[in-house]
Amino acid sequence: MNERELIERIRTQAGRPRGLVHGIGDDCAIYAPKAGEELLFTTDFLIEGVHFQQSTHTAADVGYKALARGLSDIAAMGGSPRFCLVSLAIPQTLRGRWIDEFYKGLLTLARTTGATLAGGDLAQSEKVFCDIVVCGSVKKGSALRRDTAKPKDAIYVSGALGGSSLGLSTGKGRAWKKHLRPQPRLKLGQALHKLRATACMDLSDGLSIDLQRLCAASRVSADLDGELPMFDGASIEQALHGGEDYELLFTAPANAPVPRSLAGVPLTRIGTIHRGNAGCVKIDEFELQPLGYDHFR
Ligand SMILES: [Mg+2]
């Protein structure tokens, strides 16, 4: 199969380009923004040997996760997915079935979330490289950012922490499923405005490093004075430092009406934002080291 035939096949799999003026097959896709809409953009690599292994991940798992990571970023800003662009480089030996399964995994998630596949590129390489761009949108001025937390805000997380890291170490059960198929918290992110959330980000690299990033961006410090919602069987280290939970970390005024669960996801108050000492996160009076995932450490 040559490249043109492959693209034609992907276009057929992708179906009608919902929400686009013009979809896959031309030099560019065309998207017409609606009045009063602001666009969000995020891009992510998924690399064999760095983010996944052929021995443990099916092609559908890889396709699903490539999109799920970008969608989690859109969720963190309170956005609705609009479209995605996918560049994929794979070894010659994986052509055919692997590509079909990759797109099956990706498109299943794309269809249920409104992230229409708008285009991409294909190339050959020694390992699998996937680069995905996801575009979402919010009502003008309403995007949730990470640099707007305020002193005295309460800090919350969705779901349970440490599941993905536990799954990666055991390779089985619900925790492994959480690692393979994280659910981007899109509905929750969109509902956070009603709670008067002041700042938000998604937990991709671990609570310790992600909360530090949120505090540094907002020029505030944090005290983890609440109880952490632990994934069943996860250790405190996995809950604090484990990456890829793709839950939402957000702040809201202490008197904001935050329920115990929203959009089907439990919410837990885990701490308080304080003035000064930008980026410092404390737990029981000790400074928490940001041991979460950092590609360049
Ligand atoms: Mg993120």
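Atoms within a ligand are numbered from 1 in the order they appear, just like the ligands themselves. Quick caveat, the model's predicted, so the values are computed rather than measured.
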Next on the checklist: Listing by chain and number, which protein N, O or S atoms are under 2.8 Å from the Mg ion (ligand 1)?
Outcome noted: D73 OD1, D202 OD1
Item to check | Derivation of the salt bridge (charged side-chain N to carboxylate O under 4.0 Å, His left out) call for R213 and D205 | outcome: CA-CA 10 Å; R213 288 168 178 157; D205 295 332; 2.7 Å; yes
Checklist entry - Any luck finding a side-chain donor-acceptor pair between S208 and H241 under 3.5 Å? => result yes
Checklist entry - Between the side chain of K34 and the main-chain N/O of A32, is any donor-acceptor distance below 3.5 Å? => result no
Checklist entry - Within the side chain of S158, is there an N or O that forms a donor-acceptor pair under 3.5 Å with the backbone of L248? => result yes
Checklist entry - So does R69 pair up with D202, basic N to acidic O under 4.0 Å? => result no
Checklist entry - Taking the six-membered ring of Y64, is the NZ or CZ of R181 close enough (under 6.0 Å from the centre) and on axis enough (within 45°)? => result yes
